[in-house]
Number of protein chains: 4
Amino acid sequence: MSRLPKENAAVPLAQAVAPQRERGRLRVAAILEAAALVFVEKGYDKATMTEIAARSGTAIGSLYRFFPTKGALADNLLLRYAHSTVSGLAELAEQADRMTLEGLAEALVDLREDLLTQRAVVLALVDAREGSQDIRQQFREHSRAGMSQVLQKAIPGLPATRAHAMAVLMLHVLKGAATASAEDPATRHMVLAEMRELLRSWLFSARQAVAATSA
Amino acid sequence: MSRLPKENAAVPLAQAVAPQRERGRLRVAAILEAAALVFVEKGYDKATMTEIAARSGTAIGSLYRFFPTKGALADNLLLRYAHSTVSGLAELAEQADRMTLEGLAEALVDLREDLLTQRAVVLALVDAREGSQDIRQQFREHSRAGMSQVLQKAIPGLPATRAHAMAVLMLHVLKGAATASAEDPATRHMVLAEMRELLRSWLFSARQAVAATSA
Amino acid sequence: MSRLPKENAAVPLAQAVAPQRERGRLRVAAILEAAALVFVEKGYDKATMTEIAARSGTAIGSLYRFFPTKGALADNLLLRYAHSTVSGLAELAEQADRMTLEGLAEALVDLREDLLTQRAVVLALVDAREGSQDIRQQFREHSRAGMSQVLQKAIPGLPATRAHAMAVLMLHVLKGAATASAEDPATRHMVLAEMRELLRSWLFSARQAVAATSA
Amino acid sequence: MSRLPKENAAVPLAQAVAPQRERGRLRVAAILEAAALVFVEKGYDKATMTEIAARSGTAIGSLYRFFPTKGALADNLLLRYAHSTVSGLAELAEQADRMTLEGLAEALVDLREDLLTQRAVVLALVDAREGSQDIRQQFREHSRAGMSQVLQKAIPGLPATRAHAMAVLMLHVLKGAATASAEDPATRHMVLAEMRELLRSWLFSARQAVAATSA
DNA sequence: TATGAATGAGAGTTCATTCAT
DNA sequence: AATGAATGAACTCTCATTCAT
């Protein structure tokens with residue numbers, strides 16, 4: 001039988017079997033951990049299912065029991081990150097109206113730092129062409145929506161369209177926080193400081209623009 | 001300002017034979033053009049030497065005569081982009097002290113737009129782990145040096161260390177201009193406008209900081 | 001009547017490369033021969049591309065250069081058989097009006113015996129679900145059309161619809177000639193004799209029915 | 001006439017555990033039913049034990065308790081069919097001396113039609129090379145013996161050797177009745193009618209030959 | 001006893017690279 | 001020098017079968 005990979009189609013989490021026993025749950029966790037490492041080290045295409053299986057102490061057949069394709073495994077990883085990103089943003093949105101813009105700039109950079117390990121795997125996966133395009137689309141949209149919320153809370157009166165454009169760009173800028181981790185510690189520290197400054201000045205400028213318009 | 005090597009001969013790693021005759025030069029150009037297209041369409045890993053050969057009307061054996069490995073071909077492409085990026089930045093540096101910061105923000109975004117086609121191939125290649133790490137390292141360093149120059153010219157008195165940190169972050173932000181091209185036209189337009197605003201407020205803030213320090 | 005392609009070159013199948021050099025043509029011949037043996041011995045599903053490659057002294061990659069999938073290889077084999085079957089039937093149709101029915105019965109059984117080696121591979125392939133359904137469909141239709149021609153020539157006045165039904169059944173009966181080759185020699189000889197007798201009496205009966213109708 | 005073993009216990013090869021309790025017998029029946037469906041739909045090689053287990057509502061481990069290998073499951077199915085075929089032929093043999101040859105031709109075609117569902121699974125299994133060769137051998141021999149009986153009853157004086165040759169060929173011809181079911185209804189109807197005519201003329205011809213010899 | 005998670009050999013297929021012509 | 005046929009290691013994925021629970 002020919003071996004072309006299947007498509008995940010509509011299933012949000014193409015998952016062969018949801019593990020029902022404790023043992024299975026541990027195995028899935030081990031697989032995801034190993035997969036994240038391998039995807040980060042090698043990149044999506046160069047990562048092999050064989051290595052992921054070996055590193056997680058799983059037989060290749062068992063790996064495929066839980067994740068029917070390489071793309072499904074990547075999707076799953078992405079989805080998990082998406083969840084924590086989106087809830088992180090939601091939390092931030094709740095507090096945003098009580099924060100200074102300096103505090104918000106700080107919090108945004110920190111948010112990314114918190115998610116750094118997972119972020120690295122996302123960088124390795126978001127641009128891969130395999131797996132479900134839907135998952136990546138969803139991930140992007142949820143992140144943008146969450147970030148828009150934060151911005152509109154932090155800058156009352158900010159028009160939705162501008163909030164959206166800012167969110168798109170903001171998410172891109174914050175990606176730099178993950179990228180920065182590849183730098184030497186001194187550079188990294190300075191870049192992160194610079195990022196806070198960038199965000200601060202940008203947010204202030206946006207607030208002034210809103211104030212000028214409403215006056 | 002240090003320069004990138006003009007000729008491949010100067011690059012110490014797996015490197016293409018420099019074609020001596022006109023015919024060879026045309027062939028190399030055709031290969032590079034095809035390779036750029038294929039790398040962009042498929043990504044580095046999924047791109048095949050066979051397809052690059054076919055699309056450039058070259059026999060696979062001839063392709064390997066000019067570029068001994070796939071990685072070397074990618075390196076070469078990266079090097080060419082690096083060259084045009086660096087010279088673009090050098091040009092900008094010359095004019096930077098006569099520009100307003102608004103003008104500079106505009107010019108930076110435009111610079112990236114000019115290089116967009118080539119930029120796309122860079123995006124496809126910089127994260128690929130194949131080929132020479134040195135080439136990527138060089139590419140990054142030269143870009144950063146060039147950008148630092150621009151910033152120090154535009155903001156007299158800007159300390160070198162901060163210029164470097166800003167350059168690192170600036171280059172990352174500008175990458176968003178290429179990424180934005182994947183968005184729908186309306187979003188893309190707004191994001192680019194937002195990017196100009198971001199750069200403007202950031203540059204002004206940096207200038208004020210310099211002024212405050214020197215006062 | 002539409003014709004089967006005469007030459008493999010014209011075959012509309014997924015074929016990676018039509019070999020242009022003598023060496024390539026020999027290799028293709030070796031592959032087809034080995035493939036026929038393996039398909040016959042193991043059946044389509046159990047036959048492996050690896051074994052076909054090994055038995056034909058071909059590297060697996062080279063095998064795939066000529067036949068891009070296992071199904072394509074099977075299709076090609078089927079098509080070659082189809083060609084010889086159809087031309088065998090066409091020849092017979094030309095002579096059928098000058099033959100006695102006994103002679104025709106004999107000739108039909110012999111036709112199958114002539115094609116026996118190839119026939120065996122057809123038996124292994126026609127029922128396989130892989131490969132192009134179209135090829136098998138074509139093969140069946142062309143065989144039936146050819147056999148109908150023979151019958152209408154041999155029994156003038158035979159209605160087309162009955163000729164078709166007889167052709168379908170006739171082809172099935174003749175398949176027994178190939179199946180019979182698996183028997184021990186004594187049985188095989190008797191079965192083939194019996195087959196001639198069956199065909200003779202059936203053809204006579206059909207001729208009488210035609211005569212009775214036209215009277 | 002020799003009989004096929006009634007119980008699996010008598011079969012000397014890899015064989016299922018004979019379930020002792022009612023519950024087990026139901027389970028085995030469910031498995032065999034599901035297996036027949038899957039073998040027919042997918043073919044022997046493509047059928048999976050997992051799917052058979054799932055469709056019969058059996059755990060894969062339990063399936064293997066009753067049938068130790070896939071081949072054993074197939075053998076068992078074949079054996080059951082053999083049993084009903086042989087008893088059908090035995091019944092026919094009892095009545096054969098009181099039937100006209102037309103009636104017999106009709107009855108033979110009908111016999112196959114009656115067994116059609118089971119026949120389909122036989123077609124899927126007899127050519128599979130897995131499982132016990134002995135089982136298939138037995139199946140063939142019992143069928144041939146039964147058919148010989150029928151023919152010798154229907155045509156008194158028919159020599160045993162010719163009866164055997166006719167039986168072999170007859171069984172092959174009748175296989176066409178199952179194959180015909182894949183055709184469109186109109187074709188199928190005509191092919192079956194033709195098959196009756198073929199059998200009729202063949203049987204008559206055989207009877208005449210016997211009469212001529214004995215005279 | 002019954003279950004289904006686990007196993008791993010092996011299948012089809014790809015493609016960077018080599019080398020005979 | 002130019003060509004493209006040849007190579008084979010490595011990859012994704014399947015499934016008959018086993019065995020711990």
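Residue numbering restarts at 1 for every chain, and letters A, B, ... go by the order of the sequence lines.
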It should be established whether [X] places a side-chain nitrogen or oxygen under 4.0 Å from OP1 or OP2 of nucleotide [N].
X	N	value
Arg65(C)	dT13(E)	no
Thr48(D)	dC15(F)	no
Arg27(C)	dT7(F)	yes

What is the separation between atom [atom1] on [X] and atom [atom2] on [N], rounded to the nearest whole Å?
X	N	atom1	atom2	answer
Met49(A)	dT13(E)	CE	C1'	17 Å
Ile31(B)	dT3(F)	CD1	C1'	13 Å
Leu73(A)	dC13(F)	CG	P	10 Å
Leu26(B)	dA1(F)	CG	P	17 Å
Glu51(A)	dG8(E)	CD	P	18 Å
Phe67(A)	dT14(F)	CZ	P	15 Å
Lys46(D)	dG12(E)	NZ	C1'	12 Å

Judged by each residue's nearest nucleotide on DNA chain E, which is more toward the 5′ side, Gly61(D) or Thr58(A)?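 Closer to the 5' end of DNA chain E: Gly61(D).
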
DNA chain E: 5'-proximal contact among Ser62(D) and Asp45(B) (nearest heavy atom):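 Residue closer to the 5' terminus by nearest nucleotide: Ser62(D).
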
Between Leu63(C) and Lys70(D), name the one whose nearest nucleotide on DNA chain F is closer to the 5' end. Leu63(C)

On DNA chain F, nearest-nucleotide positions of Ile60(A) versus Tyr64(D): which is more 5'?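 Looking at the nearest nucleotide for each, Ile60(A) comes out on the 5' side.
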
For the CD1 atom of Ile31(D) and the CD1 atom of Ile52(D), what is their distance to the nearest 0.5 Å?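 So the gap between those two atoms works out to 9.5 Å.
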
Measure the NZ-CG distance between Lys42(D) and Leu37(D) for me, rounded to the nearest 0.5 Å. 10.5 Å

Is the NZ or CZ atom of Lys70(A) positioned over Tyr64(A)'s six-membered ring, under 6.0 angstrom from the centre and within 45° of the axis? no

What nucleic acid atoms does Ala54(D) come within less than 4.0 Å of, heavy atoms only: base, sugar-phosphate, or nothing? nothing

How is Ala53(B) classified with respect to the nucleic acid when contacts are heavy atoms under 4.0 Å: base, sugar-phosphate, or nothing? nothing

Walk me through whether Thr50(C) and Thr48(C) qualify under side chain to side chain donor-acceptor pair (under 3.5 Å). CA-CA 5 Å; Thr50(C) 303; Thr48(C) 75; 4.6 Å; no

Quick one: does Lys46(D)'s side chain have a donor or acceptor within less than 3.5 Å of a partner on Glu41(D)'s backbone?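 Side chain of Lys46(D) to backbone of Glu41(D): no pair is present.
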
Report the nucleotide, chosen from dG12(E), dT7(F), dT3(E), that has the shortest atom-to-atom distance to any side-chain atom of Ala59(D).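 Nearest nucleotide to the side chain: dT3(E).
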
Applying the Watson-Crick and G-U wobble criteria at under 3.5 Å, what pairs with dT18(E)? Answer none if nothing qualifies. dA5(F)

